[in-house]
Amino acid sequence: MEEPKEQFKNFIQEFIEEDLQDTSKLATRFPPEPNGHLHIGHAKSINLNYSLAKQYGGTFNLRFDDTNPAKESMEYVESIIEDVKWLGADYDDRLFFASDYFDKLFEYAIVLIKKELAFVCDLSPEEMQNYRGTFTESGVESPYRNRSIEENLKLFLEMKDGKYKDGEKTLRAKIDMTSPNISMRDPVIYRISHTNHYRTENKWCIYPMYDYAHPLEDAIEGITHSLCSIEFENNRPLYNWFVENVGFENKPRQIEFAKMQISNTIMGKRYLKKMVDDGLVSGWDDPRLPTIKGLRRRGYTAEIIKEFCNNTGISKSDSVIDISLLFHFARNTLKKQVPSIMAVIDPIKVVITNYPENEIQSLRIENNSEVDMGIRTVSFGKELYIESQDFMENPPKKFRRLSLGTEVRLKGAYFIKCNEVIKDENGKVIQLNCTYDALTLSGSGFNARKVKGTIHWVAAGAIESTLNFYENLTDENGNFNKESIRTVKALVETSIENFECNRFQFIRHGYFVKDNVNYTKDNPVYNCIVNLKSSY
RNA sequence: AGACUUGUCGCCAAGCGGUAAGGCACAGGGUUUUGAUCCCUGCAUUCCUAGGUUCGAAUCCUAGCAGGUCUGCCA
């Protein structure tokens, strides 16, 4: 990934430059809990942390914050590693696990106990809630708050040794029950959970809480700037309290910024999980999902995601980015690197009545994408297909495509004129009988008359493909919209076989990618990844 | 209600006391063998509101208003 553009130099960079006399000492991290798959919101954080480190010549760590064994698994670890690598965030050998720090974290808790800054509490969850107070009333100190250091040490060791059941005791920080900031009201730092951890298995039955573990993990790794989302703002004093009181020399700075939301897009982990579990989508890599795996399968490249992340800005204000911006960066990136070919999604048969039977011509067509993909050869014959939308029997005034009696150019081929419309018993147009003018071949220099428009076409015998259109999952009210899923067949020009790339622009239909999962030569499947704007 | 925090165009977002960048979207014009792409042009006398300080305020002060977060032994 490249460094962010200069105009997006923001408050985070100001902190960095203010705090570090030598900015190459910058150390950032991406600290996911392995309890789900990454989505584009995570990509933004990954990109930020990684590109900042890269920009200043600092370091970037990937750390799994696996302090809650109930939700975590190796499957998620592997998935996250795969996605982080695919996104291009190179963490080198700097892969860490909070669970590798469990011994240290335990020792630090003992330090706190010895400093009389932590105590073992016997309050039940309900009691603790009552003692905590409310937004306006201060809390009440736990009756166990003044146990001696020796007793706390003994009890804490017993907790560790499995003498107590889940929920029976906790280790709490001794801070201030009257603080207006509720996260400072003697927060729990260790809880008992006789749960198998996917890495440490049954070695531990007590696990550190996020609020305690996270700042210390950062401090241990020498992180200088700990970026997190805005909901941790209230926890910052606590973050600093732990680093300070455990006695770390390295004091990371926590900086919060707003999570990215995208319009009409479901990003919440639990909602994504529900859709996967309920079978509304085919899996975490369903191309309709904003997961990294989904986007990848949908045809997005890491570069598109990077561009999107780099150009949407970082701030503290709640923001919902319009999904059209994502589409814009997809188009903008791909148009520079993919060939455009002709494909007909909703075909009408065209018969060129004055064209010789059984004569197949090879026409050389220039690519009209930005990249020079050379000149390709496409067969042209008596029967072909055009887009049904490109024909109107009774066209409005400004219609520039084919209608009865008018002449248009077939892209890269000849002028044709429609003379007869054939309909089925329901009045649906099923065939157009046209004539062509052999003098008008593309590239022949013919200019005796002009034509209002050019349309794409595909010769009979082209590859038939299935196009899966994936649209937004929700309607304008945010409700899940099953109707938005549809599969469409399309005819694709045969020359597609000659292209080695797997992404194409289908003129006026958008960008498509061969779906690696389902693709076979006999049954090619393309996913529509972005619809072009179409104004007709 | 208490603490913390945010409020600049339809959506993002620069701006940090010197007279409102940029992108998306939108609208108009031009080029075009596709109504795409490309190229122009337009798009906040005004920065949540009201006062105040100042030669000068989106930027500083005061008071309001609106949104977000926090009362898990989740992260």
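Just so it is clear: chains get the letters A, B, ... in the order the sequence lines come, proteins before strands, and each one is counted from 1.
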Working note: A:Y76 + A:Y198, criterion ring pair (Phe, Tyr, Trp, His ring centres under 6.0 Å); need CA distance, chi angles, decisive distance, verdict. CA-CA 11 Å; A:Y76 292 126; A:Y198 75 100; 9.4 Å; no
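- Within the structure, every side-chain polar atom (N or O) of A:S324 is placed at least 4.0 Å from both OP1 and OP2 of B:C24.
- Nucleic acid contact class of A:Y207 (heavy atoms, under 4.0 Å, all strands): none.
- Comparing the same atom, C1', in B:C47 and in B:G30 gives a spacing of 35 Å after rounding to whole Å.
- For A:I365 and B:U34, the CD1 to C1' distance is 12 Å, given to the nearest whole Å.
- Base pairing annotation: B:C70 forms a Watson-Crick or G-U wobble pair with B:G2, both donor-acceptor distances under 3.5 Å.
- Rounded to whole Å, the separation between the C1' atoms of B:C11 and B:C73 comes to 41 Å.
- The salt bridge (Lys or Arg N to Asp or Glu O under 4.0 Å) pairs that include a residue from residues 435-445 of chain A are A:D437-A:R449, where partners are two or more places apart or lie in different chains.
- When the C1' atom is compared between B:U54 and B:A66, the two are found 29 Å apart, to the nearest whole Å.
- The residues A:R63 and A:E221 are annotated as salt-bridged, a charged nitrogen and a carboxylate oxygen being separated by less than 4.0 angstrom.
- Within the shown strands, B:C48 is the pairing partner of B:G64 under the Watson-Crick or G-U definition, both distances less than 3.5 Å.
- The aromatic rings of A:Y207 and A:H197 lie parallel to each other, their planes meeting at an angle below 30°, with 60° marking the opposite boundary.
- Taking the six-membered ring where tryptophan is involved, the planes of A:Y436 and A:F380 are tilted, since the angle between them lies from 30° to 60°.
- Closest to the side chain of A:N10, from the set B:G35, B:A14, B:A36, is B:A14.
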Nucleotide-resolved protein contact map, nucleotides 67-75 of chain B, B/S/- at heavy-atom distance under 4.0 Å: BSBBBSBBB
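- Here A:R147 pairs with A:D122 under the side-chain hydrogen bond (donor to acceptor under 3.5 Å, both in side chains) rule; sequence neighbours left out.
- Applying the side chain to side chain contact (heavy atoms under 4.5 Å, CB included) rule to A:K274 yields the partners A:D278; only residues at least two apart in sequence or on another chain are considered.
- Using P as the reference atom, B:C60 and B:G18 are 12 Å apart when rounded to the nearest Å.
- Closest contact between the side chain of A:L325 and the listed nucleotides B:C24, B:U37, B:G35 involves B:C24.
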Any N/O pairs under 3.5 Å between the protein and nucleotides 27-31 of chain B? List them or say none.
none

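- Take the nearest nucleotide of RNA chain B for A:R400 and for A:S319: the residue whose nucleotide is more 5' is A:S319.
- In this structure, the CD1 atom of A:I12 is 10 Å from the P atom of B:A14, given to the nearest Å.
- With respect to A:E217 and A:R29, no salt bridge is recorded, no charged nitrogen being found less than 4.0 Å from a carboxylate O.
- If you measure from atom CG of A:L402 to atom P of B:G35, you get 14 Å, rounded to the nearest angstrom.
- Among residues two or more places apart in sequence or in another chain, the side chain to side chain contact (heavy atoms under 4.5 Å, CB included) test is passed with A:P252 by A:D218, A:A219, A:Y239, A:V243, A:N250.
- Between A:H328 and B:C24, a side-chain N or O to OP1/OP2 separation shorter than 4.0 Å is present.
- Put simply, the side chain of A:R508 and the base of B:G35 share no donor and acceptor less than 3.5 Å apart.
- Applying the side-chain hydrogen bond (donor to acceptor under 3.5 Å, both in side chains) rule to A:T170 yields no partners; only residues at least two apart in sequence or on another chain are considered.
- Searching all strands for a Watson-Crick or G-U wobble partner of B:U37 with both distances below 3.5 Å returns nothing.
- Distance noted for atom P between B:C16 and B:C48: 16 Å (whole Å).
- Remark: A:N202 pairs with no residue by the side-chain hydrogen bond (donor to acceptor under 3.5 Å, both in side chains) rule, at least two apart or across chains.
- Qualifying side chain to side chain contact (heavy atoms under 4.5 Å, CB included) partners for A:S495, counting only residues two or more places apart in sequence or in other chains: A:R376, A:V378, A:E493, A:N498, A:F499.
- In the region residues 435-452 of chain A, proximity to RNA chain B at under 4.0 angstrom, judged on heavy atoms, holds for A:S442, A:G443.
- Applying the side-chain hydrogen bond (donor to acceptor under 3.5 Å, both in side chains) criterion to A:S229, with sequence neighbours excluded, gives A:E231.
- Here B:U59 sits opposite no nucleotide as a Watson-Crick or G-U wobble pair (both hydrogen-bonding atom distances under 3.5 Å).
- Taking the P atoms as reference points, B:C38 lies 25 Å from B:A13, given to the whole Å.
- Contact between the side-chain N/O atoms of A:S317 and the OP1/OP2 oxygens of B:A13 is found at a separation under 4.0 Å.
- Take A:K71 and apply the side chain to side chain contact (heavy atoms under 4.5 Å, CB included) test, not counting sequence neighbours, and it matches A:E33, A:N35, A:N68.
- Taking atom C1' in both B:A50 and B:C43, the straight-line distance is 29 Å, to the nearest Å.
- Taking atom P in both B:A14 and B:C74, one finds a spacing of 36 Å when rounded to whole Å.
- B:U5 atom C1' lies 16 Å from atom CZ of A:F257, rounded to whole Å.
- Here B:G42 sits opposite B:C26 as a Watson-Crick or G-U wobble pair (both hydrogen-bonding atom distances under 3.5 Å).
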